[in-house]
There are 2 protein chains.
Amino acid sequence: MSPKNSYKLTVCPMTYVLDILGDKWTFLIIRDMLFKGCCRYQQFADSDEGVATNILASRLKKLVQHGLVTQCKDPNNGRQKLYHLTDKGLDLIPSILHLVKWSGNHDPETCLPETIQAYLESNFDQAVEYVRKEYAQMCQGNHQAAATVE
Amino acid sequence: MSPKNSYKLTVCPMTYVLDILGDKWTFLIIRDMLFKGCCRYQQFADSDEGVATNILASRLKKLVQHGLVTQCKDPNNGRQKLYHLTDKGLDLIPSILHLVKWSGNHDPETCLPETIQAYLESNFDQAVEYVRKEYAQMCQGNHQAAATVE
DNA sequence: AATATTAACTTGCATTTTGCAAGCTTTAAA
DNA sequence: TTTAAAGCTTGCAAAATGCAAGTTAATATT
């Protein structure tokens, strides 16, 4: 296709993503899942930024409704629930890593280590794959104990 | 560096970007600049999504304060102002194109043409460069008439 | 030179969303 | 059988948003 067409992106393509992610907290929830391994309500609630519990509940609900996140019972502990990213949610990794990279480049007080910055700069696609795989392993871990018990 | 470290991204790197972009309208303003060539207040105000004028004013101000956008007088028309993306703002192109791509992949009612979707899928970096160059040309155009007149 | 018009905001006010604290419900441990 | 933990829900004050109307400064018109 001619590159000319690639410039004809207009209105629609962003309204969908912004209806879902167009606020601070939704993004932070997904980041906490990916990078901090959060998968329980209380873990999100204890996050550094301090989400209000009602906002947290409504955002998790929205993410589940839109298919970015699934909710299931923790097989190890019936009074806990586990939240995990679906493939749809995982497909946001590149966007999020680019935003992290941008912050690293432009935030005068960034706390992103230079090694990671350099890694994102030179091996972006590899970083995406790495995060994806680490997350998959982590999710397995969340269910493994139960399997061992049975 | 070891990939292990790349997983240690924690809290900070996203709070900066989300403090600036953590709302629907800011993103849409930048998108309108990049893809629809908007550079005047009224053009943003007339945008399909319908920003309230006070919100628009506050968001443009914020973008200028954070250095993503510059404001200058239109050399052709002294009662108009021109808003343009800085390098810092342009560095968001990859993030935005990934979000567009995500929308194209996951919005059941997407209006993103398949050709563009495919282009983003196979030539992402090229698409980023293309958008960047088109934008630079367009900005030149905004000032050119004045140069011709003088 | 005086008046009208255009573009970019600003302001006031009603509505909506957020944030905080407290309470409720279900599950499991003691 | 009571106690506690985890995941929410509810009520209310504070902040952000959206809409309509007004203000200001730079042209264009008469």
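Every value quoted in this text rests on a predicted model; they were computed, and no experiment measured them. Here is the naming used below: chain letters follow the sequence lines, and residue numbers restart at 1 for every chain.
Distance B/Gln42 CD to C/dC9 P: 10 Å, rounded to the nearest Å. Per the geometry, CG belonging to B/Leu56 stands 16 Å off P belonging to C/dT11, to the nearest Å. Rounding to whole angstrom units, NZ of residue A/Lys61 and C1' of D/dT10 are separated by 13 Å. Residue B/Gln43 contributes atom CD, which lies 13 Å from atom C1' of C/dA8 at whole-angstrom precision. Regarding A/Leu60, its CG atom lies at a distance of 14 Å from the C1' atom of D/dT9, rounded to whole Å. When rounded to the nearest whole Å, the span between CG of A/Asp19 and P of C/dT17 equals 13 Å. Following rounding to the nearest Å, A/Phe44 (CZ) and D/dC8 (P) show an atom-to-atom distance of 11 Å. One can place CD of A/Glu49 at 18 Å from C1' of C/dC20, the figure rounded to the nearest angstrom.
Proximity of a side-chain donor or acceptor of B/Tyr135 to a complementary backbone N or O of B/Leu85 within less than 3.5 Å is detected. At distances below 3.5 Å, at least one donor-acceptor pair connects side-chain atoms of A/Trp102 with backbone N or O atoms of B/Lys88.
Within a 6.0 Å sphere centred on CD of B/Glu121, heavy atoms belonging to other residues, nucleotides or ligands number more than 12.
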Per-nucleotide protein contact string for nucleotides 11-30 of chain D, where B marks a base within reach and S marks sugar-phosphate only (heavy atoms under 4.0 Å, - for neither): B-----SBBB-----BB---
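B/Gln71 has a side-chain polar atom (N or O) that falls below the 4.0 Å cut-off from OP1 or OP2 of C/dC9. Taking side-chain N and O atoms only, A/Lys81 has a distance below 4.0 Å to OP1 or OP2 of D/dC8.
Between B/His98 and B/Phe124, the angle of the ring planes stays under 30°, which puts this pair in the parallel group of the 30/60° scheme.
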Intermediate values then yes/no, salt bridge (Lys or Arg N to Asp or Glu O under 4.0 Å), B/Asp91 and A/Lys101: CA-CA 10 Å; B/Asp91 276 355; A/Lys101 191 174 135 188; over 6 Å; no
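In plain terms, the two heavy atoms of A/Tyr119 and A/Gln126 that are nearest each other are OH-NE2, 3.3 Å.
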